[in-house]
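Note that ligands are numbered from 1 as they come in the structure, with each ligand's atoms numbered from 1 the same way.
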Amino acid sequence: MDTTVQSTSDLAIDGGKPVREEILAYGGQTIGEDDVSAVAETLRSDWLTTGPKVDEFEEEFADFVGAEEAVTVSNGTAALHAAMHVIGISPGDEVIVPTMTFAATANSVTFEGGTPVFADVDPDTLLLDPKSVEEKIGPDTEAIVGVDYMGQPCRYDALRDIAETHDLVLLDDACHAIGGSYKGRPVGSLADLNTFSLHPVKNMTTGEGGMITTDDAEWAKKMRQFRNHGITSTHHERSEEGSWYYEIPEAGYNYRLTDFQCALGMSQLEKLPGWVERRREIAARYDEAFGSMEATEPLKRRDDATCAYHLYVIRLALDRLQVDRKTLFEALQAEGIGVNVHYIPVHLQPHYRENLGTEPGLCPNAEAGYERILTLPVFPRMAESDMEDVIRAVRKVLSTYRR
Ligand SMILES: *Cc1c(COP(=O)(O)O)cnc(C)c1O
């Protein structure tokens, strides 16, 4: 590192005045009094869990994404697990996943004994590359998982063609992308199974929570059993029949979402379109600011998709900078900007290196992308001044470290 730059800089990391005193997180929930009332009202009702709010939330969510069925579960990882279960993944089966994702996408394959096979991403969007998918298909492949990284839907027409040609199930891990669309079709209706997380950092929240959408009624039924210990009838159905008898044809889990969480989910869903619009406005302002800075390159957004901006990711032109991403990360944190990195390619995690022998070089685009990405704050309740702080801090840090 060039120390003359350091000693003369007014960066907060060198003891200068930070752009802001209080750290701005990269994401966060928006909770209004209407959300609080919806939860409080449910807490005062007869049902805390597995009552009417679960059915209502599932119906509203299915309508919102244009799917026949929506199934609530306790989190996004459980949603992926339930999906792997109904696909019928078992030992010996392979599922193709992009390596540029949160580890849960790959981990969920292993929950049912399957093996994740890591595919590479398009270098300009960091989305699953259909060409890499085709290269990874083998006799044991059962499914392909697209991850709508950043909130931008994958190229589902291409992925659908590949899935049909090879008789594979297509799954969309849409945890970033609720509120987005592809060729006019909403996320949630793009794959055979579509999974969502309702964690507070995602585009809408139920505290913890997850959802799977599908047009397949049999799968939906199986997933409702899977989330409730594998029991075939609901508590409600049994009380109507006046019966204590129930059956468990195969063991399941307790992956249920509570009624008060579903009440929160419905209240949040109403506001989601406005929030996604706000995320898009913030992204447009960032695009304008960073598009003209020499040392950054925003990720490409395609014309055929509407990005829901769970994340806003910039790529650093490291050849134009004197320092690496780690220093830039620390410098921006010191300025009060809660930057993050999404994601460490999953195939580089010790678990997969040890168990599957995945090594650096397996997915070169994702590995090269990883070295130069930074996630900047984007969430609906950011103030205009927060957004300007982000832009000022990035400009300050990058101009100081310019080559
Ligand atoms: C958040 C996320 C998950 C996991 O969701 P949880 O609700 O935290 O279990 C899975 N995949 C992706 C792409 C995610 O962003």
Pair Glu58, Thr72: side-chain N/O donor-acceptor within cut-off below 3.5 Å: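 Glu58 vs Thr72: donor-acceptor pair found between side chains.
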
Taking 4.0 angstrom as the limit and counting only heavy atoms of [X], give me the atoms of ligand 1 inside it, by number and element.
X: Thr101; answer: 13 (C)
X: Tyr343; answer: 15 (O)
X: Thr105; answer: 11 (N)
X: Gly76; answer: 5 (O), 6 (P), 7 (O), 9 (O)
X: His176; answer: 13 (C), 15 (O)

Checking a contact table here: which protein heavy atom is nearest [atom], and how many Å away?
atom: atom 8 (O) of ligand 1; result: Ser197 OG, 4.0 Å
atom: atom 4 (C) of ligand 1; result: Thr77 OG1, 3.6 Å
atom: atom 1 (C) of ligand 1; result: Lys202 NZ, 1.5 Å
atom: atom 11 (N) of ligand 1; result: Asp173 OD2, 2.8 Å

Mind checking whether Phe290 and Tyr312 have parallel, tilted or perpendicular rings, split at 30° and 60°?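 Because their plane-to-plane angle lies in the 30° to 60° range, the rings of Phe290 and Tyr312 count as tilted.
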
Pairs touching residues 77-127 that satisfy ring-ring contact (aromatic ring centres under 6.0 Å, His included), sequence neighbours left out: His81-Phe111, His81-Phe226, His81-Tyr253, His81-Tyr255, His85-Phe226, Phe118-Tyr352

Test Asp122 against Tyr149 for side-chain hydrogen bond (donor to acceptor under 3.5 Å, both in side chains), laying out the working first. CA-CA 11 Å; Asp122 178 304; Tyr149 180 79; over 6 Å; no

At a 4.0 Å cut-off, with the gap strictly under it, does some heavy atom of Phe196 reach an atom of ligand 1?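 Checking ligand 1 against Phe196, which is what was asked, there is no heavy-atom contact under 4.0 Å.
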
Checking the side chain of Asp10 only, and the main-chain atoms of Gly16 only, is there a donor and an acceptor separated by less than 3.5 Å?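 The answer is no, because no donor-acceptor pair under 3.5 Å joins these two groups.
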
List the residues meeting side-chain contact (heavy atoms from CB on, under 4.5 Å) with Lys17, not counting sequence neighbours, and say none if there are none.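 If we apply the side-chain contact (heavy atoms from CB on, under 4.5 Å) test to Lys17, skipping adjacent residues, the hits are Glu21.
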
Carboxylate-amine/guanidinium contact Glu69 Lys221, below 4.0 Å: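 No, no charged N to carboxylate O under 4.0 Å.
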
